[in-house]
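Working notes, beginning with the structure itself.
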Number of protein chains: 2
Amino acid sequence: MPRPRSLTQGQIAAAALTVIDRDGLAALSMRTVAAELGMSTMALYRYVGDRGELEGLVVELVLDGVDTSVPPGASWQERITVLAGRVRDRVGAHPEAVPLTMTHRHRSAGLLRWSEAVLEVLTEAGVQGPERVLALRALLSYLIGAIQLEHLGPLSGEGTAAIAALPRAEFPRMAETAGHALLLGADEEFHGGLAIVLRGIAART
Amino acid sequence: MPRPRSLTQGQIAAAALTVIDRDGLAALSMRTVAAELGMSTMALYRYVGDRGELEGLVVELVLDGVDTSVPPGASWQERITVLAGRVRDRVGAHPEAVPLTMTHRHRSAGLLRWSEAVLEVLTEAGVQGPERVLALRALLSYLIGAIQLEHLGPLSGEGTAAIAALPRAEFPRMAETAGHALLLGADEEFHGGLAIVLRGIAART
DNA sequence: AATCGTAAGCGTATGCCGTACGCCTACGAG
DNA sequence: CTCGTAGGCGTACGGCATACGCTTACGATT
């Protein structure tokens, strides 16, 4: 009976993400989002309780877009690799939002569905009980850490160059390692690390 | 010749960490830190360029306290486990500072020394070249991700309980897995996941 | 067609925040 | 004893999240 809502939470999240992608995470504020929507600042509070909730909506928008259907693939390793890659790609499409995505990740139903899919594949692979819990948590930990290393490192590739220039006397192996790292692309690094985790799961005691 | 400094950066970092530990991360501000030191707000700017630099100092204080000497141990796996545990313990001692620690981790010389130590052990274990880069990055990714999962999850143990209460129809395996997870302590989870990564490194192709 | 309760939308104001800028002052070298 | 230097501080500004109360658009009811 009363005046109908003119916006959905999804539209608000989309506006916020537009601001973040265009002007950076620091530019995100209730004011900038309201301006993006052509509304007054306080009108936003009819849709979200506070700024944190708005951030949560942005993360939902990002993570719920992940395809969580179990992909075809010869091996369970390949299937998990595809699942992990989908999250990485989706998050990587909004690099400015990465810190938000990490902080509010637990608000996303998409990530729950993703975990469910991974568990399904692990079960297929014969991983059971507490072992399966550990495998899931290890995969999730690696995924979160690797995404952050990729996007919040000391400015990506520039950082490895800085490390390569470290005092050899104090950091002999770091310098050498950074030299090798320069030859590795971000994709190789991500998938190489993931392969290590998958081998560790396969080689269960 | 001029007036000597009355504070060190270390003292400022300590004051900031005190505020964080006592009143939470949200309470951290130039004003609260200055008050903690008994100085005026603006006096702080003689020591740090801006708030970001202050946060960096806090992280240095936390991470540079990690013992990065290569520990004794029967196997390289055990040595790396000890090294990783030291970081986890040190970070875990200041849970309110965890988000800061993750964001500014690259400012810490301590983490560089830690990486150097890990590389030393890996080299001893016969891991070489690009393979060693991948192993280090995988360990670091896991470490970062696991620490965050532990401290920024949906309120730790409470979260797993919430997951266990999920609609069984939609998340059959998550519900079951969360049941198993309740039996696992944080330590078992961390070390179990780390063991997976270490097995993956050991089982190199 | 007229009415009216309800919730949408907005304006104003408060109290934080980081920090630019300029003044005053304690210090130690000469 | 003097004086240049740098430490320390007071004030002020613009931007932030948000509490609160007014105004207005709507559609169900009469």
**Request:** Check every strand shown and say whether A:Arg46 touches a base, only sugar-phosphate, or nothing at a heavy-atom separation below 4.0 Å.
**Result:** base

**Prompt:** A:Arg5 near the nucleic acid: base, sugar-phosphate alone, or nothing, with a heavy-atom cut-off under 4.0 Å?
**Reply:** sugar-phosphate

**Prompt:** Is A:Gln9 reaching over with its side chain to a backbone N or O of A:Tyr47, donor-acceptor style, under 3.5 angstrom?
**Reply:** yes

Distance check needed: [N] [atom2] versus [X] [atom1], whole Å only.
X       : N      : atom1 : atom2 : result
A:Leu25 : D:dC16 : CG    : P     : 13 Å
B:Met42 : C:dG22 : CE    : P     : 13 Å
A:Tyr45 : D:dG21 : OH    : P     : 17 Å
A:Leu44 : D:dA17 : CG    : C1'   : 12 Å
B:Asp50 : C:dG18 : CG    : C1'   : 9 Å
B:Arg3  : C:dG28 : CZ    : P     : 10 Å
A:Leu54 : D:dA17 : CG    : C1'   : 12 Å
B:Leu7  : D:dA6  : CG    : P     : 19 Å

For the side chain of [X], counting heavy atoms from C-beta on, which of [options] is nearest?
X       : options                : result
B:Ala43 : D:dG8, C:dG18, C:dC27  : D:dG8
A:Arg51 : D:dC16, D:dG27, C:dT19 : D:dC16
B:Met30 : D:dA17, C:dG18, C:dG28 : C:dG18

**Asked** Is the base of D:dG15 touched by the side chain of A:Arg31 through a donor-acceptor pair closer than 3.5 angstrom?
**Response** no

**From CA spacing to verdict: side-chain contact (heavy atoms from CB on, under 4.5 Å), B:Trp76, B:Leu198** = CA-CA 9 Å; B:Trp76 60 269; B:Leu198 290 173; 3.9 Å; yes

Side chains of [X] and [Y]: does their closest heavy-atom pair fall under 4.5 Å?
X        : Y        : answer
A:Arg105 : B:Leu152 : yes
B:Leu139 : B:Leu83  : no
B:Phe190 : A:Arg137 : no

**First of B:Pro4 and A:Ala26 reached from the 5' end of DNA chain D, by closest nucleotide** = B:Pro4

**Prompt:** Would you say C:dG9 has OP1 or OP2 under 4.0 Å from some side-chain N or O of A:Ser40?
**Reply:**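 Checking A:Ser40 against C:dG9: no side-chain N or O falls below 4.0 Å of OP1 or OP2.
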
